[in-house]
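So the structure is just underneath, and the comments pick up after that.
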Amino acid sequence: MITVIEQAVQARLVATAPKVETVPVTLCYDRSDPFAVRMAFPALATLEGVEVSWTFARELLMSGVRHPAGCGDVRVRPYDGDRTTVEFHAPEGVAIVLMTTAELQRFLERTRELVPPGLEHRYLDMDHSLDELMRGSC
């Protein structure tokens with residue numbers, strides 16, 4: 001049984017106009033962390049020269065492809081009929097990527113098949129999560 005979904009997509013990294021770079025991005029969804037999605041950027045697309053991953057709420061991505069969503073470090077909104085903007089806010093600055101909405105929708109549909117929205121709690125391993133929290137508190 002599949003428990004992890006990974007999907008490679010092309011994203012356009014928006015820099016100072018007119019430079020827009022296309023970079024490969026990996027979207028990941030793991031049933032053991034059912035509320036989250038991860039977006040991984042390769043080293044060539046980061047300031048540090050190492051792969052960087054952002055983890056954020058699946059619901060944020062689901063909402064953001066339809067209407068503006070998010071007010072924190074990650075914000076998602078439709079850009080035009082075919083693309084979606086994902087903004088990442090960090091102390092170093094803001095990264096803005098444009099992604100094809102159809103690719104995001106395909107990824108989200110696959111996550112819905114694996115864990116239907118509203119049923120995420122059924123896939124949480126609370127004992128493991130509490131154990132992880134307790135290890136970090138002392």
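None of the values given here were measured: they were computed from a predicted structure. Each residue takes its place number in the sequence, starting with 1.
- The shortest heavy-atom contact between Arg75 and Cys71 is NH2-O, 3.6 Å.
- Tracing side-chain contacts under 4.5 Å through hydrophobic residues (I, L, V, M, F, W, Y), one never reaches Met39 starting from Val4; they form parts of separate clusters.
- Smallest separation of non-hydrogen atoms from His89 and Gly72: CD2-O, 4.0 Å.
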**Message:** For Val74 and Trp54: C-alpha separation, side-chain torsions, deciding distance, then whether side-chain contact (heavy atoms from CB on, under 4.5 Å) applies.
**Reply:** CA-CA 9 Å; Val74 180; Trp54 285 74; 3.7 Å; yes
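- Put simply, the side chain of Glu59 does not reach to within 4.5 Å of the side chain of Pro117, judged on heavy atoms.
- Atom CZ of Phe35 is separated from atom CZ of Phe56 by 16.0 Å, given to the nearest 0.5 angstrom.
- For the pair Phe41/Pro24, no side-chain contact is recorded, criterion being any heavy-atom separation below 4.5 Å from C-beta on.
- Residues Leu98 and Arg83 share a closest heavy-atom pair of CD1-NH1, 3.8 Å.
- A donor-acceptor distance shorter than 3.5 angstrom exists from the side chain of Glu120 to the backbone of Gly118, with no hydrogens or angles considered.
- Taking the charged nitrogens against the carboxylate oxygens, Arg112 and Glu109 do have a contact shorter than 4.0 Å, which makes a salt bridge.
- From Leu114, atom CG reaches atom CZ of Arg31 across 5.5 Å, with rounding to the nearest 0.5 Å.
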**side chain to side chain donor-acceptor pair (under 3.5 Å) evaluation trace for Thr101 with Gln105** = CA-CA 6 Å; Thr101 302; Gln105 292 285 23; over 6 Å; no
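- Here the CD1-OG1 distance, from Ile5 to Thr111, works out to 6.0 Å after rounding to the nearest 0.5 Å.
- When the shell of 6.0 Å around CZ of Phe88 is examined, it contains more than 12 heavy atoms from other residues, nucleotides or ligands.
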**Criterion side-chain contact (heavy atoms from CB on, under 4.5 Å) on Val97 and Val25, from CA distance to verdict** = CA-CA 10 Å; Val97 294; Val25 173; 5.7 Å; no
**Message:** Evaluate Val115 against Arg58 for side-chain contact (heavy atoms from CB on, under 4.5 Å), listing each step before the verdict.
**Reply:** CA-CA 11 Å; Val115 177; Arg58 174 174 72 159; 4.1 Å; yes
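- Between the side chain of Arg66 and the main chain of Met62, a donor-acceptor pair closer than 3.5 Å is present.
- In this structure, Glu6 and Cys28 approach most closely via the heavy-atom pair CG-SG, 3.8 Å.
- The line from CG of Asp33 to OG1 of Thr3 is 12.0 Å long, rounded to the nearest 0.5 Å.
- Among all heavy-atom pairs drawn from Ser53 and Ala40, the shortest one is OG-CB, 3.5 Å.
- Val9 places none of its side-chain heavy atoms less than 4.5 Å from the side chain of Phe107.
- Residues Thr55 and Ala36 approach most closely at CG2-CB, 3.7 Å, considering heavy atoms.
- The shortest side-chain heavy-atom distance between Leu104 and Leu27 falls under the 4.5 Å cut-off.
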**Request:** Check the pair Thr84, Arg77 against side-chain contact (heavy atoms from CB on, under 4.5 Å), reporting the backbone distance first and the verdict last.
**Result:** CA-CA 6 Å; Thr84 299; Arg77 70 183 189 294; over 6 Å; no
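- Checking side-chain atoms of Gln7 against main-chain N and O of Glu103 turns up a donor-acceptor pair under 3.5 Å.
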